[in-house]
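Take a look at the structure set out below.
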Amino acid sequence: LWPPLAGHVSPGCSRYRFKTTRGKLASAECARRAAQPMWGSASCIDCEEGYNQGQIGQPTCQRCEKGTFADEGGSTMCKTCPLGTTTDGTGFRSEIDCQCPPGTYRSPTSTQCLSCGEGFSCAGFGRSPEINEGFMAKVEAPSKVFACLIVKQCPGGAPGRCAKHHDASSVACGKCEEDAYDSG
């Protein structure tokens, strides 16, 4: 059973000691970085990656909190994600799991999280920015967005996307495709 459940301590033992296989109370304590997983257990188990234990003699290891990770077993404390990044939950095992939070993104040429900017939505956590409805960007310049005068002409999404029969090579989907006209 892993991680060890809280409160499973051998009768007659404090949280800091365990019974030996012969039933004698041992004086050893589970060290920081480990837990005594089962009552009556004669040994301590190091915390797994993604978990930590900073106190002596505890029955469980704790999941690393949001924004932290433990990349080694037997951690006494979790490491903090690099500045500007966080994790998408608890119990993470690697710095790679530290990603840009919602409202920001990391471009292929940057190591820092960048603000999403007007006309974009950024879900964060490694997902690419998406263009909002009412905006468009050309395929050849995906980070340069244009606000559309007529919102319905620009559905958002991927660069180069315009409403049906609108020319995606025109700025803000402002022109109709060849052999099409705007009825209104």
Side-chain angles (χ1 to χ4, degrees), residues 1-6 32-35 37 45-55 58 60-175 177:
L1 189 69
W2 192 261
L5 301 173
R32 291 175 43 183
R33 74 173 172 71
I45 297 175
D46 280 353
C47 297
E48 293 181 3
E49 292 176 355
Y51 289 81
N52 76 97
Q53 183 49 263
Q55 298 179 11
Q58 298 300 307
T60 62
C61 293
Q62 306 299 314
R63 290 174 70 99
C64 292
E65 294 179 4
K66 184 173 180 148
T68 66
F69 64 97
D71 55 2
E72 298 178 54
S75 295
T76 58
M77 59 189 288
C78 298
K79 298 175 183 176
T80 302
C81 286
L83 184 64
T85 64
T86 190
T87 56
D88 193 16
T90 61
F92 283 93
R93 302 170 179 234
S94 173
E95 187 174 329
I96 292 170
D97 297 315
C98 298
Q99 298 285 328
C100 297
T104 64
Y105 72 101
R106 183 176 292 140
S107 77
T109 59
S110 176
T111 58
Q112 296 181 337
C113 297
L114 306 170
S115 177
C116 199
E118 184 181 10
F120 288 103
S121 293
C122 296
F125 303 109
R127 295 181 207 92
S128 296
E130 291 191 12
I131 300 168
N132 292 334
E133 180 181 23
F135 293 86
M136 77 85 64
K138 294 183 177 185
V139 172
E140 62 272 11
S143 62
K144 185 176 182 181
V145 294
F146 299 94
C148 301
L149 294 175
I150 302 172
V151 172
K152 69 178 184 170
Q153 291 177 346
C154 303
R161 187 165 178 242
C162 291
K164 189 174 183 179
H165 303 298
H166 286 269
D167 183 1
S169 67
S170 67
V171 172
C173 305
K175 292 183 182 178
E177 292 177 337

Rounding to 0.5 Å, atoms CE (Met77) and OG1 (Thr68) come to a distance of 9.5 Å

Rounded to the nearest 0.5 Å, the CG atom of Asp167 sits from the CD atom of Glu177 at a distance of 6.5 Å

To the nearest 0.5 Å, atom CZ of Arg93 lies from atom SG of Cys78 at 11.5 Å

Derivation and outcome, side-chain contact (heavy atoms from CB on, under 4.5 Å), residues Thr86 and Lys66: CA-CA 7 Å; Thr86 190; Lys66 184 173 180 148; 3.8 Å; yes

Across all chains, not counting sequence neighbours, the side-chain hydrogen bond (donor to acceptor under 3.5 Å, both in side chains) partners of Glu49 are none

Practice item. Decide yes or no for Asp88 and Gln99: does some side-chain heavy atom of the first lie under 4.5 Å from some side-chain heavy atom of the second? Key: no

- Message: Could you tell me if the side chain of Cys61 sits less than 4.5 Å from the side chain of Glu48, heavy atoms only?
- Response: no

Residues at least two apart in sequence or cross-chain that pass side chain to side chain contact (heavy atoms under 4.5 Å, CB included) with Phe92, listed by chain then number, are Phe69, Thr87, Asp97

Notebook entry, point to check: With side chains defined as the heavy atoms from C-beta onward, is the minimum distance between Asn52 and Cys47 less than 4.5 Å?
Noted result: no

_Determine whether a donor-acceptor pair (N or O, by modelled atom type, separation under 3.5 Å) exists between the side chain of Asn132 and the backbone of Phe120._
yes

- Taking everything shown except Lys175 itself, do over 12 heavy atoms lie less than 6.0 Å from its NZ? no

_Within the supplied structure, the quantity of interest is the number of heavy atoms (other residues, nucleotides, ligands) at a distance under 6.0 Å from Lys144 NZ; does it exceed 12?_
no

Quiz item: Heavy-atom distance under 4.5 Å between the side chains of Glu72 and Lys79, does that happen here?
Solution: yes

Closest non-hydrogen atoms of Pro101 and Gly84, given as atom of the first, atom of the second and distance, are CD-O, 3.3 Å

Checklist entry - Is there a donor-acceptor pair closer than 3.5 Å between any side-chain N or O of Arg161 and the backbone N or O of Gly156? => result yes

*Taking the side chain from His166 and the backbone from Cys173, do they hold a donor-acceptor pair closer than 3.5 Å?*
yes

When every non-hydrogen atom of Ala163 is compared with those of Pro155, the smallest separation belongs to N-CD, 3.6 Å

Heavy-atom distance under 4.5 Å between the side chains of Val151 and Glu133, does that happen here? yes

- Just wondering, more than 12 heavy atoms not from Glu140 lying within 6.0 Å of its CD? yes

To the nearest 0.5 Å, atom OG of Ser75 lies from atom CD of Gln53 at 11.5 Å

Exercise. For the cysteine pair Cys100 and Cys113, state whether the SG atoms are less than 2.5 angstrom apart.
Key: yes

(Q) I'd like to know if Cys154 pairs up with Cys148 as a disulfide, counting it only when the SG to SG distance is below 2.5 Å. (A) yes

Closest heavy-atom pair, Glu95 versus Pro82, reported as atoms and distance to 0.1 Å, is OE2-CG, 3.2 Å

- Cut-off 3.5 Å, side chains only: do Thr60 and Gln62 have a donor facing an acceptor? yes

Distance col, row Ser169:OG vs Lys138:NZ, nearest 0.5 angstrom, shows 6.5 Å

Closest non-hydrogen atoms of Arg106 and Thr85, given as atom of the first, atom of the second and distance, are NH2-CG2, 3.2 Å

